[in-house]
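Just so it is clear: chains get the letters A, B, ... in the order the sequence lines come, proteins before strands, and each one is counted from 1.
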Amino acid sequence: MPDPMRIRAQSAGDKTTVKVLMSHEMETGQRKDPAGKIIPAWFIQQVTAMLNGKPVFTADWGPSVSKNPFLEFVVKGAKAGDRIAITWRDSRGETRTDEATVS
Amino acid sequence: RAALAAYSTAAFEAKTIPELMKALGAGTPVESKDITLTAPDIAENGAVVPVGVSTALPGVKRLLLLVEKNPSVLSAAFDVNEFVEPAFKTRVKMGQTSNVLAVALMADGRVLYAQKEVKVTLGGCGG
Amino acid sequence: PLAREAEAATDKAEAALYDLPPFGNVSLLHMTDCHAQLQPIYFREPSVNIGVAGMQGQLPHLVGESLLKAASLRPGTAVAHALTALDFETATRRYGRVGGFAHLTTLVKRLKASRPGALLLDGGDTWQGSATSLWTNGQDMVDACKLLGVDVMTGHWEFTYGMERVKEIVEKDFAGQVDFVAQNVKTADFGDPVFKPYTLRRINGVTVAIVGQAFPYTPIANPRYMVADWEFGIQDANMQKFVDEARAAGAQLVCLLSHNGMDVDLKLATRVRGIDAIFGGHTHDGVPLAVPVKNAGGTTLVTNAGSNGKFLGVMDFDVKGGRMVDFRYRLLPVFANQLRPDPDMQALIARVRAPFEAKLGEKLAVTDGLLYRRGNFNGSWDQLICDALMDVQGAEIAFSPGFRWGTSLLPGDTITRELLMDQLAITYPHATLTEMSGATIKTVLEDVADNLFNPDPYYQQGGDMVRVGGLSYTMRPDEAMGSRITDMRLNGKPLDADRRYKVAGWAPVAEDAKNAPGVKPVWEHVEAWLRAQGGRVKPRTLNTPKLVAMQGNPGLLGG
Ligand SMILES: [Mn+2]
Ligand SMILES: [Mn+2]
């Protein structure tokens, strides 16, 4: 089970800035292990954000996004108390969803 | 709902910018002052380079972040719609000094970009 | 009677050099890059400080007569000696040592007495550079700065004591007394500020903001693992935000206390609006003028106050009707012979040194030649270090980092452990011995050369070129990265890109280097080598690159 995300969602006026830190190796498929064998690629491919259960946007990522990825975006119209959920799905098909309350 | 488009493996395997545009079915990118790229001049850590793309232009469909000299040029693509600001930040890996590009795919078919060189250095020295 | 006469002479000289008539209503005193030198020392300014592209022939890239001419200063004077390497040995014997916290304290007290409300700004590189600072984990300097009356500070080498130590000092030792400001240091997770971005002070009815800018490339120039949870960078946009915020909060005068280095400050001044003056450090440029730089908001004055405790910058502003209307700037040299040491500071220094006196004073050898460090390509001290590392480590080539700190010795001076540690006292002092291919050596030299000579200052890191022992090369500073270094030779033979060479070095930025088997701190090797010289060290033969296309560059003495 992958580690939970850290999510911070802060509203100012009608805009809410969301910052997310995910826990993932983001293995590029270019590195070799000490024995010289290629370590297979394994990375988050898609990230979806939801506001109160409704999708707001999707991001597609390649393996060059850094290990333990960071994402920052701004949602319109959210207010304190609203729920922001983030879901990621990686190249092995594994997924994880975490939530935060807008403050 | 924001449609969950299929993940474009071809786009993420593109080695060059023309190859990437072809994979995305997009035209030739044109440099534009209306696209904002945030990236450091010198990367503090080539494995974790903070980059951001934003624009005030209406009619943006997708925003991309590219590293020209990475093994595959495309790092991240963000779908833009009425629920979010056309402004995203993430962190990417860079193996060497390279141009980084912020690209906007517009609804009218235009492809606009901003770029800057981000230096990846060996480090060590000091005044 | 003789003593009394000497005293009278000191009084008179002090009056002449240090009697600055007050001006205006807000005064800021600025010291920077003292590199933990509590005692008066010698420090030779560079004879090579080349500027290329837009920086060619511009301050701070002027040395010797060219610098004096730009500032309308006469050669042969005390001030000319402080600012240049001209006739260094003769002039040093005449004017004596510079700096020292007890002497600096006297000067600061004098100026504060004539300028009520004046603040003392410390630009950083204050806690590192001496044996006692290293051995006390920076505590000697922290206590000395508090006694000296530092009001606001920013940093660079401070961070090489690690994040926890810096936080401990800022939050405990400095609480309620010294504001550590740095708008460009943020946490690596969510980008939260680590320090106060700026401080607002009320001086004679004027609200003054001092914004802080720590060295932007700390995680690159120094080991990243020491600041693993923090991000730095130049951060113009963030700077503009805080300048605007300070103005909105009523600041009538906004100053930047910067550790960017002067070229970076000069560029930043063209891009950020609303800064009245930048008090800069890091590049150790002793610049006797405030350089005016135009930008969309008006004019920003850019200064740089040298290093090693040699100078105190004195800026007097006249602020009227809510804005700065006039100023006077002086870069005062701190001559130990011309200033009475402050007894309280002298007592503190004695107390700090007491446990270490025997160790500090241990004689290692006498030098027959002048030993100094500063200059773009090499200094005799670095040559000595390279020679020692090659001998002791059995290496064909040696690299020594282009640090700009490190005190000077005159021919005939004794190299004590204290003076050796002035060159070597860092928290990552490990000596290394690595095999590098000719191609890798070229890559390393090109990389460092670009940090020094990139035509865009934002891509520079502000150190000097790596010092090279054994290997000769040709250098074209005005070329592009990858094309500056040519004709690399070892013992006259061209370097083979594919052959592997044994290269000695020290100060590795990679964390694992300190775990290599048998690794020792660099001073053990250099001490062993000095002791093996039989009491005297011959003058070093300086290995400097053959320079191309730099004839007539006023950043070269006699150039
Ligand atoms: Mn310094
Ligand atoms: Mn510095």
Where [X] and [Y] come nearest, the two heavy atoms and their spacing:
{"X": "Gly62(A)", "Y": "Phe12(B)", "value": "N-CE2, 3.0 Å"}
{"X": "Ser75(B)", "Y": "Ser64(A)", "value": "OG-OG, 2.7 Å"}
{"X": "Phe83(B)", "Y": "Val56(A)", "value": "CB-CG1, 3.6 Å"}

> Can we call the ring centroids of Phe78(B) and Phe73(A) under 6.0 Å apart?
Replying inline: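 So the answer is no for these two rings.
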
> With a 4.5 angstrom heavy-atom cut-off, which part of Glu82(B) approaches chain A: side chain, backbone, both or neither?
Replying inline: backbone

> Checking Val67(B) against chain A: side chain, backbone, both or neither under 4.5 Å from a heavy atom?
Replying inline: neither

Counting heavy atoms not belonging to [X], are there more than 12 under 6.0 Å from its [atom1]?
{"X": "Lys19(A)", "atom1": "NZ", "value": "yes"}
{"X": "Lys15(B)", "atom1": "NZ", "value": "yes"}
{"X": "Lys76(A)", "atom1": "NZ", "value": "yes"}

>> Test your reading of the model: is there a side-chain donor-acceptor pair from Ser66(A) to the backbone of Ala47(B), 3.5 Å cut-off?
In response: yes

>> So Asp60(A) and Arg62(B), do their side chains get closer than 4.5 Å, heavy atoms only?
In response: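 Yes; the side chains approach each other to less than 4.5 Å.
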
>> Which one wins on heavy-atom pair count under 4.5 Å against chain A: Pro71(B), Pro50(B), Gly52(B), Ser72(B)?
In response: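 Looking at each of Pro71(B), Pro50(B), Gly52(B), Ser72(B) in turn, Pro71(B) comes out on top.
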
> How many angstroms lie between CE in Met26(A) and CZ in Arg91(B), if you round to the nearest 0.5 Å?
Replying inline: 13.0 Å

>> Once rounded to the nearest 0.5 Å, what's the spacing between atom CG of Asn70(B) and atom CD of Gln30(A)?
In response: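 Here the rounded value is 9.0 Å.
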
>> Can you tell me which portion of Lys67(A) sits under 4.5 Å from chain B's heavy atoms? Options are side chain, backbone, both or neither.
In response: backbone

> Where on Leu21(A) is there a heavy atom nearer than 4.5 Å to chain B: the side chain, the backbone, both, or neither?
Replying inline: side chain

